[in-house]
Colleague: 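Quick one: structure below, then a few questions.
Numbers restart at 1 for each chain; the letters A, B, ... are given by sequence-line order, proteins then strands.
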Amino acid sequence: MNAHDNAAVTERNGARYAEVIVEVKSASVDRPFHYEIPSLLAERVHVGTRVLVPFGPRRVEGYIVGFSATTEVPEKTKPLLEVLDDDPPLTPDLVELARWLSERYLCTKAAAVQALLPSGMRAKATTFLRIQNAPDSVYLPGSWEYDLLQELYQSPNKTKEQLLSEHPEWRPLIRTWVEEGVLQELHGVKHGIQIKTMTYLSTGLTESELQGALDEISNRAKKQKELLTYLYEAGDALLMKDVFAETGASSATLKPLLEKGFVVKEDREVHRDPYASKHFEPSQPLPLTPMQDNAYQTIKNAVDSDAPQTILLQGVTGSGKTEVYLQSIAACVAQGRQAIMLVPEISLTPQMVEQFKKRFGDEVAVLHSRLSTGEKYDEWRRIRHGEVNIVVGARSAIFAPFRSIGLMIIDEEHENSYKQDDHPKYLAREVAMYRARQHKATVVLGSATPALETRWWAHQGIIQRVEMPERVRGQKLPKVRVLDMRNELQSGNRSMFSNALKTGIEERMERGEQIILFLNRRGFATFVLCRSCGFVARCQDCEIPLTYHKARGLEQLRCHYCGYAERMPETCPDCQGDHVRHFGTGTQRVEEELYKVFPDAKVIRMDVDTTSGKDAHATLLQRFRQGEAQILLGTQMIAKGLDFPNVTLVGVISAETSLYLPDFRAAERTFQLLTQVAGRAGRHELPGEVIVQSYNPQHYAIQFAKDQEYEKFFEHEVRHRYSLNNPPFFELTAFTSVNEDEMKALHLARHLEDLLRRSLGGRDDVIILGTSPAPLARLQGKYRFNVVLKYKKFKPVSKPIREAYQALQGEAQKLGGYLTIDVNAQMIL
DNA sequence: AGCACGCCGACT
DNA sequence: GTCGGCGTGCTC
C-alpha cells in the first residue's frame, strides 16, 4: 500500500527534514520537497502541518506529509519559513487519503489536499515594501523610478503582489532596489478566513477584593460600581455586548475598570453557527418495527465488529430508513466513535438536517454548499476539534476530519450528485469505502433503487444487503397506471393531459386533496423550428437547441447550459418566413395549460427558474404544504425526499424525457426517477395514485417502475449492461479534449487515442472507444471531443492512463485548450 | 503554476 | 542600438 516514496516517517523522531507538498497545481511539482526544520519551529511541526516555504523565487503554502533524516539534495534545501496553524489541518489518515485520492482520480496531491479541506483554508504569502534609504538620484516624472516612489509614498499599505499585478514592468526595478537596500521587504501571511472572535468580560476578584475595589472607585462613578458588581455576581465571563445591553454601561464605564485591573477583557474564538437562530424540539428514538430493527441490528453488529464493512440498505420509500440511520448513529456515538451522514442536495432536504438537530442537538455539524465560506470553515473546525460527533452534509462531508469514524451513511446512494463535478472527480461512495478501511468503519448505502453496481456487489457477496420491503405504517405502495398517449391521440385527445389524469386532477380538487405533477423539462417548449425551411434555433456557443421561455409577456429563447438568452425571432433568421413555431413541452407550458383546463386551480411551479432566490425553495414547499395551492408542478427537484400528507395523486406528464439521453445509465435513471416520484403519493392515511403518461409505455424501465419491481429491473438491466460491456462489468474512464478551435480539440483527442492504443491496445480486458464528439459537442463556445476507456480493473491500467494523460495535458495547454479526465465516470457528457 | 533567463522584431 | 515579445527550464 505504501509503494510511495522513500523512508518517509510519520513521527519526526528528530529527523532533520520535512517532506512538503507545495500548493502549486502542476504535475511537474507533484512530489514532496525537502526542507530543513528550524529549531524554533521544531515543536510545532507534525505530519499534516500547514507551512509556508520558500519555493524558487517566491513563498508558497504547503503541507508536511512526512519526515526524513536524509536528503538527496542537501545543497538545495532551505528552511521552513512558518507554521500556519496551531493544530495541523490534516491528520495522518487524511494525508494518506489525499495520496490515495490523487492516485485513484489522477490529480495532483495538492489538488487532493484542497478537495478535502474547507475552501476558506488558504493562506497567501504577502510582502510589503518599505523605503529604507531614499535613492540619491533625482528621477524625472514619468520614469518608473519616479512612479514607483510616488506609489510607495501614497499607498504604503499596498502589497508587493498588488503593485506587481498593476505594474508588471516594475519587477526588475523593485528587485535591484531591494538588492541595493533602497527598499526593504517585510514578509507576512494573509489568511483566507478570519477566525471570528467575541469579546468577553469577567472579574477575577474575591469577595473581599471586590469590597476593596468598590471603596476605591469614586462615589461619583455609580455606573462603574454597578458594572463591577454585575460581573462579580455573574461569576462567569459574559459577552461584552450583552453586559452593555443589560447594564446600560458603555466602553467609557469599562475603561477605568480595565485600567485598574478589576475587570479582564478577552477575545474568545467563537464559531459562526448557521442554525443559531433556529430552535429544534428534541426528539426521542421511536420504537422500531421488526424490519427496522433487523436493519438496525445488522448495522450495529458491523459497527461493533473490528472490520470494515459495507451494507446496502435497500428500503422502499416510506420504510423508515431515517429512523434506522438515527439510531445506528446514536449507537456508534455511544461507543465513542463518530459518524458521517451524507445526503444528496442537502439544501433540498432541510427535513433531514432538522431531524438530526432534533435528535442530536449541538452534537451535529452541518456542511453544505449554501453555507458561507466562514460558516463552512467554522463547522469544519468544530469537527476537527472534536466538538461534535456527527456530521450531516453533502458529498464533501465525507472528508470530515474525525479522529475515529465508526459509521458512514450515504442516503439515496444512487444519486449522481455524489460524483464530484470538478477536479478531482471523486465518487463519495468510493471515498467512504477507503476511509472505512482506514478506520475499520462501516459504510451504509441506503436506497430504494440502488445504483446497479451497488446491487451487483451485493449479489456477488462483496457487500451485505438488508431489505426493508414494506412501508412503516403498512400503507400499500400506490397504484401506478401507465397510460399510452398514442391511444389518447388516436381517440382525439390532443391535449397534454390524458383523460385519466384530467379526471384524476378534477376529483382531487373537489375533495380538497393535493396533486404533484412532474415533468423533467423546464421552460415552455423544448425547441423552436421553422416549418418552412426546418431551421432550428441553437445557442451560438453550445450548439444546443434553445428552449422557448415565456416570462411576463416576454418571449425568450434560452440556452440551458450556458444561460445565453435572446428574443424569440418573429421571422425565421434563415429563410425570413413567418412560420417559426415552438414544439415540445416544458413546465411553463404545462402551467399555462393547467390554468386553461382548470380555471380554479392554484399551481406552484418549481424549477430552476422559480427557485433562484436563497430560500425560494423552502418557501414554495412551505406554501404548498400549507395548502395554498392544489397542484405542485416541477422538474426532478420535486422528486427528492418530499413528504406531503395531503398528496394523493402524482402525475408524470412524460416518462420518456430521460429515456433517450445518449447515456448508458438512461434506463436506470428513468426507472429510479419514476419509482421515486411514485413513492411521493399516499405516504400517510390517504391512499395514493400515480399516473404515468408515456409514448413508449412498453419500455422495461417504465414497466418495472410501474410495479416498483426493482429486482426484476435489476436482472434485466444487468444482462443489458453485460452485453454492452458497461458497468458493473467494466469501469469507464472518460477524457474530454476541450478547445475553441475544433481541429485542435480533435487533433489532441486523436493523439491521446493513439497513445492509449499503443500502451493498452493489445489487452483483452481493455476496450478503447475512439475519439468522438462529446454528447455536449460544443459548450460555451468550446468544442469537446471524448475518448472513453473501458477496463475491468483500474490498477493494471492506471499507469498507462496516467502517463498518457500527463503527456497530453501539457500539449492541450500549448494548443490553448485543456484535457480533463473522469475516472470511473458515471455519466459521459 | 509562476518566475527568471535567454534569444529575436519594432522603436523612444 | 535597446525594449520587451514569449519559448524553456526549474523550483527542496
Side-chain angles (χ1 to χ4, degrees), chain A residues 4-9 12 15-38 41 45 47 49-83 102 106-115 122-127 129 139-148 159-179 185 187 190 422-424 805-820:
Chain A
H4 177 53
D5 245 322
N6 50 24
V9 286
R12 192 162 75 261
R16 205 169 145 194
Y17 300 104
E19 302 187 325
V20 174
I21 293 294
V22 290
E23 275 290 355
V24 175
K25 29 178 185 293
S26 165
S28 53
V29 291
D30 187 27
R31 60 196 156 87
F33 286 80
H34 291 88
Y35 289 88
E36 273 172 47
I37 302 166
L41 299 180
V45 295
V47 164
T49 297
R50 192 168 58 128
V51 289
L52 194 71
V53 294
F55 196 63
R58 59 213 169 109
R59 300 177 306 140
V60 299
E61 198 187 349
Y63 291 85
I64 297 180
V65 296
F67 296 97
S68 64
T70 56
T71 172
E72 283 162 28
V73 282
E75 71 287 353
K76 287 187 186 168
T77 55
K78 300 172 183 174
L80 300 172
L81 294 173
E82 243 175 275
V83 168
S102 71
L106 302 193
C107 64
T108 61
K109 290 172 192 70
V113 166
Q114 271 184 39
R122 279 198 84 174
K124 259 174 77 183
T126 55
T127 306
L129 295 171
Y139 299 103
L140 294 174
S143 66
W144 290 344
E145 288 85 350
Y146 182 91
D147 288 349
L148 175 55
T159 65
K160 184 181 166 188
E161 292 77 16
Q162 281 174 304
L163 247 36
L164 283 174
S165 73
E166 287 162 27
H167 302 279
E169 70 279 7
W170 291 354
R171 188 182 294 279
L173 176 60
I174 290 175
R175 205 176 57 231
T176 46
W177 274 4
V178 169
E179 276 165 18
E185 289 189 324
H187 297 297
K190 194 176 152 236
D422 45 60
H423 210 57
Y805 174 54
Q806 282 178 359
L808 287 194
Q809 220 176 14
E811 189 68 23
Q813 274 161 22
K814 274 187 208 144
L815 294 173
Y818 55 92
L819 180 68
T820 65

Colleague: In whole Å, what is the span from the CD atom of A:Q813 to the P atom of B:dG2?
Modeller: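 Checked: the CD to P distance equals 12 Å.
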Colleague: Looking at the base of B:dA1, is there any donor atom on it, or on the side chain of A:R58, that sits under 3.5 Å from an acceptor on the other one?
Modeller: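 Such a pair is found, so the answer is yes.
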Colleague: Specify the separation, in whole Å, of atom CZ of A:R171 and atom C1' of B:dA4.
Modeller: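 My rounded result for the distance is 9 Å.
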Colleague: Could you check whether any side-chain N or O of A:E61 sits under 3.5 Å from a backbone N or O of A:A123, counting only pairs where one atom can act as donor and the other as acceptor?
Modeller: yes
Colleague: How long is the line joining CD1 of A:I64 and P of C:dC12, in whole Å?
Modeller: 16 Å
Colleague: Roughly, in whole Å, what's the span from CG in A:L81 to P in C:dC12?
Modeller: 11 Å
Colleague: Using 30° and 60° as the class limits, which term best fits the ring planes of A:Y805 and A:H423: parallel, tilted or perpendicular?
Modeller: tilted
Colleague: Return the value, rounded to whole Å, for the distance between atom CZ of A:F67 and atom P of C:dC12.
Modeller: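 Rounded to the whole Å, the gap is 19 Å.
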Colleague: Can you name the atoms? Protein N/O to nucleotides 6-8 of chain C N/O, anything below 3.5 Å, with the distance.
Modeller:
none

Colleague: To the nearest angstrom, how far is A:I21 atom CD1 from C:dT11 atom P?
Modeller: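 Rounding to the nearest Å, CD1 of A:I21 and P of C:dT11 are 16 Å apart.
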Colleague: To the nearest Å, how far apart are A:F55 CZ and C:dC10 P?
Modeller: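 Rounding to the nearest Å, CZ of A:F55 and P of C:dC10 are 13 Å apart.
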Colleague: Which nucleotide wins on minimum distance to the side chain of A:H34, given the candidates B:dA1, B:dA4, C:dC12?
Modeller: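 Among B:dA1, B:dA4, C:dC12, the one nearest the side chain of A:H34 is C:dC12.
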Colleague: Take atom NZ of A:K109 and atom P of C:dC12, then tell me their distance rounded to the nearest Å.
Modeller: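 Taking atom P of C:dC12 as the reference, NZ of A:K109 is at 17 Å.
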Colleague: With no hydrogens and no angle check, is any side-chain donor or acceptor of A:Y35 less than 3.5 Å from a backbone partner on A:L81?
Modeller: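 Not a single qualifying donor-acceptor pair exists.
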Colleague: The side chain of A:T77 is closest to which nucleotide in this list: C:dC12, B:dA1, C:dG4?
Modeller: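 Taking heavy atoms from C-beta onward, the closest nucleotide is C:dC12.
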Colleague: Any idea which of C:dG4, C:dT11, B:dC5 is nearest the A:V29 side chain?
Modeller: C:dT11
Colleague: Is the ring pair A:W177/A:Y139 parallel, tilted or perpendicular, if the boundaries are 30 and 60 degrees?
Modeller: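 Aromatic pair A:W177/A:Y139 classed tilted.
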Colleague: Nearest to the A:S28 side chain among B:dC3, B:dA1, C:dC12, which nucleotide is it?
Modeller: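 The answer is B:dA1, which lies nearest to the side chain.
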